[in-house]
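Values below: every heavy atom of this structure, side chains too, minus hydrogens, waters and symmetry copies.
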Amino acid sequence: MKFSIFNNRIPLSNNTDILFNSLSEESRIIPKNMILDVKTMTPEIITEFVNAGFIIDDNIIEEKIVRESFDKNQNSKHFKLTINPTLNCNFRCWYCYESHHAQSTMSAETLEKVKNSISFISNNYDSIELAFFGGEPLMYFDRLVLPLIEWTAKKFSLKGRSYEVTFTTNGYLINERIIKSLQPYNIGISQITLDGGREFHNKTRVSNKTDSFCTIVDNIRTMASVGMPVLLRINVTKENINSAYSIPEYINSFSDTEKSKVQVLIQQVWQDSQNDILDEIWGLYGEFLKIGIIPWPRRFNFYKHICYADIKNSAVINYNGKIFKCTAIDFDKKEADGEVESDGTFDISIPYKVRLSKRLANRLCPECRIYPVCNGGCSKNIDQAQTRDFCLHPSNAAKDKVVRNILREQLHMANLGISWKD
C-alpha cells in the first residue's frame with residue numbers, strides 16, 4: 001500500500017489539517033500531529049483512507065488513470081460543431097473579449113460549405129451538437145441559423161442518428177416567432193446571460209427600445225413555457241454581486257413547470273477574478289434553490305470533464321469559414337487552425353496534434369498533487385506558453401489556494417444539499 005500522489009494536506013487550525021485527494025475529490029479532517037505512515041496507522045483508519053483514495057495499491061499508476069480518462073474522451077462518435085453566424089452583436093458588453101463589426105456575417109457561399117460539413121459529419125459520426133455562438137447568433141436567425149438547423153435535422157434524421165441544437169445568446173432577440181420556428185426540432189439547452197440585477201444589467205446592456213433586463217427575463221419565461229431548457233448564466237463582479245440577489249424574485253414569478261426548465265450558473269467575470277466573491281456567489285445559489293431553481297452542476301475534475309477545445313471531435317466554424325478549436329478568443333486576432341473546403345471537409349488535425357502534444361509533453365503535470373483538478377490548465381494558455389513545462393499554479397501557495405477554493409465550494413454545496421460527485 002502507498003499514499004496517493006494526489007493527496008493535499010492543508011492547514012485548517014492550530015490543531016487540525018484537511019486531507020484532500022484531487023483524484024477522488026474526498027476530504028477528511030485529521031489531527032495536525034498525525035503522521036501519514038501506513039505502518040503506524042490503525043486498520044480502521046487505513047480502511048477509511050483506502051475507501052477515500054488517500055491510500056492505494058502499490059501497483060496503481062495514478063497518472064495513467066488521468067491519461068486514460070482523457071484518451072477515452074478522444075474516441076467518441078459524437079461531434080460538437082460550433083457555428084459563429086456573425087461576430088456582430090446588438091450589445092457592447094464591457095467584458096466581452098471579441099471584436100464586433102457589422103461586416104462579420106456569413107455569406108451564402110460559406111453557408112453552403114457549412115451545410116456540406118454537416119453532411120460530412122452525418123456520414124461519419126453517430127450524433128452531433130450544433131452549437132450557435134457569436135457575436136449574437138439570433139441577429140441572423142432566418143437567413144443563417146434556421147437553414148442550418150433544418151439541414152442538420154434532415155441529414156441526421158434520415159440516417160437515424162441524433163442531433164441537438166444549442167445556443168449561447170444574450171436572449172434579447174428571442175421572440176414567439178423564433179420559438180415557434182424552433183419547436184419542431186431537438187433544441188437542447190440555451191445559455192442566456194444577465195449582468196447582475198436589473199439596474200446594473202441595463203447599464204451594461206443598453207437598449208433604446210426596451211428595458212433589456214425585463215425583456216430577457218420574459219424571453220426566458222416564454223422559452224421555458226414551451227419546454228425549452230434554459231441555462232441562466234449570471235455574470236457577476238464584486239460591484240454587481242449584491243444586486244444579483246434581486247434576480248430570484250423575478251424568476252420566482254415563473255410557474256413551477258417553467259422553473260423546472262431553468263438552471264442557473266453564476267460566473268465571475270474574468271476581469272474581476274482578483275476579487276474573492278465565492279461566498280457571495282454561493283449565497284446567491286442558495287437563494288435560487290429556495291425558489292426551486294437548480295444550480296448548473298459544478299465539475300472539479302477537469303480530466304473527466306474536458307474542455308471541448310481539447311476534444312478531437314470538435315470544431316468552431318467562424319462566419320468566414322475559418323476553423324478554430326476554441327470560442328474564448330478574439331477571432332479577428334487569433335490565427336485560424338484551418339478552413340472549410342468547398343466540399344465541407346476540413347483538416348485541423350495538425351494544429352490539434354500540436355496543441356495536444358504540448359499538453360502531454362509537460363513533465364510537471366503528471367505527478368503534481370492537483371493534476372486531476374487542473375489537467376495542465378486551459379490548453380489556450382499552454383499553447384501560448386513559451387516553455388514546454390508550463391505551470392498555471394507554480395508555487396505551493398498557489399496549489400493550496402486551488403484546493404482551498406474547491407473545499408470552500410464543496411462546503412457550500414454540502415450546506416445546500418448539493419452533491420459534487422458524478
Side-chain angles (χ1 to χ4, degrees), residues 4 6-13 16-30 48-49 51-54 66 69 189 191 193-194 196 229-238 240-242 244-249 251-252 259-270 272-273 275-307 369-375 377-378 393 398-422:
S4 167
F6 298 133
N7 287 340
N8 294 263
R9 187 169 184 165
I10 308 295
L12 180 62
S13 69
T16 57
D17 293 338
I18 290 184
L19 191 61
F20 171 78
N21 186 275
S22 61
L23 185 65
S24 68
E25 305 172 65
E26 291 284 346
S27 60
R28 296 289 188 276
I29 297 176
I30 61 174
E48 181 178 356
F49 275 30
N51 292 336
F54 300 125
V66 178
S69 181
I189 202 157
Q191 180 174 286
T193 50
L194 293 174
V230 174
L231 173 60
L232 170 58
R233 171 170 167 158
I234 303 174
N235 297 321
V236 294
T237 64
K238 184 178 181 180
N240 76 10
I241 181 66
N242 290 332
Y245 275 71
S246 65
I247 298 175
E249 298 176 20
I251 307 301
N252 199 31
K259 287 181 187 177
S260 71
K261 292 298 177 180
V262 180
Q263 289 184 289
V264 63
L265 170 66
I266 305 166
Q267 189 71 39
Q268 187 172 11
V269 173
W270 65 272
D272 189 66
S273 59
N275 294 314
D276 185 355
I277 56 173
L278 189 63
D279 294 339
E280 290 88 342
I281 286 173
W282 279 99
L284 182 53
Y285 274 129
E287 295 303 306
F288 275 104
L289 275 171
K290 289 178 183 178
I291 64 168
I293 301 298
I294 305 300
W296 184 253
R298 177 73 168 91
R299 303 301 190 188
F300 298 122
N301 283 71
F302 294 120
Y303 80 95
K304 293 180 184 176
H305 310 286
I306 297 171
C307 174
R369 57 188 169 97
I370 63 168
Y371 184 34
V373 296
C374 172
N375 202 21
C378 174
H393 310 285
K399 291 177 174 62
D400 286 352
K401 183 178 180 180
V402 171
V403 174
R404 288 180 187 278
N405 282 339
I406 290 175
L407 291 170
R408 287 172 65 193
E409 292 207 62
Q410 287 186 349
L411 180 61
H412 280 296
M413 294 171 81
N415 288 338
L416 294 174
I418 305 170
S419 174
W420 60 85
K421 288 289 188 178
D422 292 336

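- Considering only heavy atoms from C-beta on, Trp282 comes within 4.5 Å of Leu416 through its side chain.
- Using cut-offs of 30° and 60° for the angle between ring planes, the Phe6 and Tyr371 rings count as tilted.
- Phe54 pairs by the ring-ring contact (aromatic ring centres under 6.0 Å, His included) definition with Phe49, not counting sequence neighbours.
- Take Asn242 and apply the side-chain hydrogen bond (donor to acceptor under 3.5 Å, both in side chains) test, not counting sequence neighbours, and it matches no residue.
- No side-chain heavy atom of Lys401 sits less than 4.5 Å from a side-chain heavy atom of His393.
- The backbone N or O of Thr237 sits less than 3.5 Å from a side-chain atom of Asn240, completing a donor-acceptor pair.
- One finds the CZ atom of Arg28 at 11.5 Å from the CZ atom of Phe20 (value rounded to the nearest 0.5 Å).
- Side-chain contact between Val402 and Cys374: absent, with no pair of heavy atoms (C-beta onward) separated by less than 4.5 Å.
- Between Pro248 and Leu284 there is a side-chain heavy-atom pair separated by less than 4.5 Å.
- The CD1 atom of Ile281 lies 5.5 Å from the CD1 atom of Ile241; values are rounded to the nearest 0.5 Å.
- By the 4.5 Å heavy-atom criterion applied to side chains, Asp279 and His412 are counted as neighbours.
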**OP:** Would you please test Arg408 and Leu411 for side-chain contact (heavy atoms from CB on, under 4.5 Å) and show each step?
**Re:** CA-CA 5 Å; Arg408 287 172 65 193; Leu411 180 61; 5.7 Å; no

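- In this structure, Asp17 and Pro11 approach most closely via the heavy-atom pair OD1-CA, 3.3 Å.
- Taking every heavy atom of both residues into account, Ile189 and Leu231 meet most closely at CG1-N, 3.5 Å.
- Between Leu23 atom CG and Ile370 atom CD1 the span is 13.5 Å, to the nearest 0.5 Å.
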- Message: Could you go through Asn252 and Lys290, starting from their C-alpha distance and side-chain angles, then the distance that decides it, and tell me whether this counts as side-chain contact (heavy atoms from CB on, under 4.5 Å)?
- Response: CA-CA 9 Å; Asn252 199 31; Lys290 289 178 183 178; over 6 Å; no

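- Between the Thr193 side chain and the Arg233 main chain, no donor and acceptor come within less than 3.5 Å of each other.
- The distance from atom CG of Leu278 to atom CZ of Arg404, rounded to the nearest 0.5 Å, is 13.5 Å.
- When all heavy atoms of Ala244 and Ile234 are compared, the closest pair comes out as CB-CG2, 4.2 Å.
- Residues Tyr285 and Ile266 come closest through the heavy atom pair OH-N, 2.9 Å.
- In terms of heavy atoms, Gly196 sits closest to Ile247 at O-CD1, 3.4 Å.
- Without hydrogens or angle criteria, Lys238 side chain to Ile277 main chain gives no donor-acceptor distance under 3.5 Å.
- Distance check, rounded to the nearest 0.5 Å: CG of Asn235 to CG of Leu194 gives 8.5 Å.
- Between Asn275 and Gln268, the closest side-chain pair of non-hydrogen atoms falls below 4.5 Å.
- In this structure, Ser22 and Val373 approach most closely via the heavy-atom pair O-CG1, 3.6 Å.
- Note that OG1 of Thr16 and CD1 of Ile18 are 7.5 Å apart. Values are rounded to the nearest 0.5 Å.
- Using a 4.5 Å heavy-atom threshold, the side chains of Glu287 and Ile291 count as separate.
- Using a 4.5 Å cut-off on side-chain heavy atoms (C-beta onward), Ile293 and Lys259 make contact.
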